[in-house]
Amino acid sequence: MGRKFFVGGNWKCNGTSEEVKKIVSVLNAGEVPSQDVVEVVVSPPYVFLPLVKDLLRPDFHVAAQNCWVKKGGAFTGEVSAEMLVNMGIPWVILGHSERRALLNESNEFVADKVAYALSQGLKVIACIGETLEQRESGCTMDVVAAQTKAISEKVSNWENVVLAYEPVWAIGTGKVASPAQAQEVHAELRKWLQANTSPEVAATTRIIYGGSVSGANCKELAAKPDVDGFLVGGASLKPEFIDIIKAAE
Ligand code: PEP
């Protein structure tokens, strides 16, 4: 069962409208494999979403970097899933480790967000991953399984979910997981999905890797059988994002 390669670009809290326009013009000029081969989704900050959506080539799509956990209302500063749908934004990143760590988003809170966003028709890039301390103490799989379990308790249809394995120690640090390390966790996650959801969900859900992916390391990572693509931070703001998309070939 083919899983289409997926490349997401997480622009985080970066950019001015001028810089955003420049990034989009580089993306629009990039020669990349067709949509049949790779799905490309870029995630600018909320305020730039309409601009990017308007300017971006039609074969690339946009994602928000977060959304509120339930229906909108008296939640100052939040943006609801319904609003994203209303604005024609198809994807949202949820559970990024920066939000888990800095804003104390728990596994349950992230899972509630994932379930609500899906219920409103959004597609979700759900992020999971262990800290360095957790890896060094040998509990990587326990951590990512608990994060995935929280989601699976609230989500039965995984069709619109991409699972992003992002070891916290590799995010923005330049310390990329080795292809073998990424493959090991992705394969274990697939086994977990097989045992705890269904063989079909395990076979079809894309598990992408994030953490210091670059033009230089993407090919080797992409060659691993359970690495179905990437979530890219820093390098998604640079022309090398095009090379990362080409790793799908
Ligand atoms: C991320 O923030 O999702 C990420 C993977 O960042 P970076 O590629 O910069 O490590």
Side-chain angles (χ1 to χ4, degrees), residues 5-15 19-20 23 26-27 38-46 48-49 52 60-67 91-105 107 110 113-114 117 123-132 134-135 140 143-144 147-148 151 161-179 181-183 185-186 189 206-222 224 226-248:
F5 204 78
F6 184 100
V7 180
N10 174 13
W11 297 359
K12 310 195 190 195
C13 188
N14 287 300
E19 286 163 351
V20 160
I23 298 168
V26 170
L27 294 179
V38 62
E39 187 165 7
V40 180
V41 175
V42 295
S43 189
Y46 282 136
F48 299 128
L49 276 167
V52 174
F60 287 9
H61 299 284
V62 287
Q65 296 175 15
N66 180 42
C67 65
W91 285 90
V92 63
I93 298 173
L94 293 172
H96 191 280
S97 63
E98 286 154 11
R99 297 193 64 86
R100 288 179 185 264
L102 301 171
L103 298 159
N104 292 321
E105 292 196 359
N107 290 353
V110 170
K113 283 189 179 192
V114 173
K123 300 186 220 183
V124 174
I125 301 164
C127 304
I128 58 171
E130 83 288 2
T131 63
L132 184 59
Q134 289 164 334
R135 173 161 283 261
T140 295
V143 171
V144 296
Q147 291 166 331
T148 311
I151 297 170
V161 180
V162 168
L163 200 56
Y165 168 58
E166 298 206 298
V168 179
W169 49 270
I171 293 185
T173 58
K175 277 188 210 152
V176 65
S178 69
Q181 282 173 321
Q183 170 59 24
V185 178
H186 287 220
L189 279 168
R206 287 170 293 179
I207 305 175
I208 63 174
Y209 167 79
S212 299
V213 174
S214 69
N217 59 35
C218 60
K219 276 268 175 204
E220 252 193 300
L221 284 159
K224 291 295 177 190
D226 288 294
V227 175
D228 302 319
F230 302 118
L231 185 56
V232 185
S236 70
L237 297 162
K238 301 181 191 157
E240 75 182 286
F241 189 60
I242 294 293
D243 300 323
I244 298 173
I245 298 169
K246 286 184 184 160

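Numbering of residues begins at 1 and proceeds along the displayed sequence. Whatever order the structure lists them in is the order used to number ligands and atoms, beginning at 1. This is a predicted model, so every value here is computed, not measured.
Residues Glu130 and Arg135 are paired through a salt bridge, judged by an N-O separation under 4.0 Å between the basic side chain and the carboxylate.
Applying the 6.0 Å contact sphere to NZ of Lys175 captures no more than 12 heavy atoms from other residues, nucleotides or ligands. In the displayed structure, Glu220 atom CD is contacted under 6.0 Å by at most 12 heavy atoms of other residues, nucleotides or ligands.
Contact between Ala235 and ligand 1 is absent, with no heavy atom of the residue lying under 4.0 Å from the ligand.
Annotation for ligand 1: atoms under 4.0 Å from non-hydrogen atoms of Gly211 are 5 (C), 10 (O). Here is the list of ligand 1 atoms found below 4.0 Å of a heavy atom in Gly234: 7 (P), 8 (O), 9 (O). Residue Gly172 approaches ligand 1 through these ligand atoms, each under 4.0 Å from one of its heavy atoms: 7 (P), 9 (O), 10 (O).
Here CD1 of Ile23 is found 8.0 Å from CG of Asn14. Values are rounded to the nearest 0.5 Å. Expressed to the nearest 0.5 Å, how far NZ of Lys12 lies from CD of Glu98 amounts to 3.5 Å.
Between Tyr209 and Phe230, the ring planes are perpendicular. Angles over 60° get that label, and only those under 30° would be called parallel.
Donor-acceptor pairing under 3.5 Å is recorded for the side chains of Arg100 and Asn107.
In this structure, atom 5 (C) of ligand 1 lies nearest to the protein heavy atom Glu166 OE2, 3.1 Å. The single protein non-hydrogen atom nearest to atom 1 (C) of ligand 1 is His96 NE2, 3.2 Å, given as residue, atom name and distance.
Proximity of Asn10 to ligand 1, defined as any heavy-atom pair under 4.0 Å, is confined to the side chain (atoms from C-beta onward). With a 4.0 Å heavy-atom cut-off, ligand 1 is reached by the backbone of Ala170 but not by any atom from C-beta on.
Any N or O atom pair closer than 3.5 Å counts here, and Gly233 shares at least one such pair with ligand 1.
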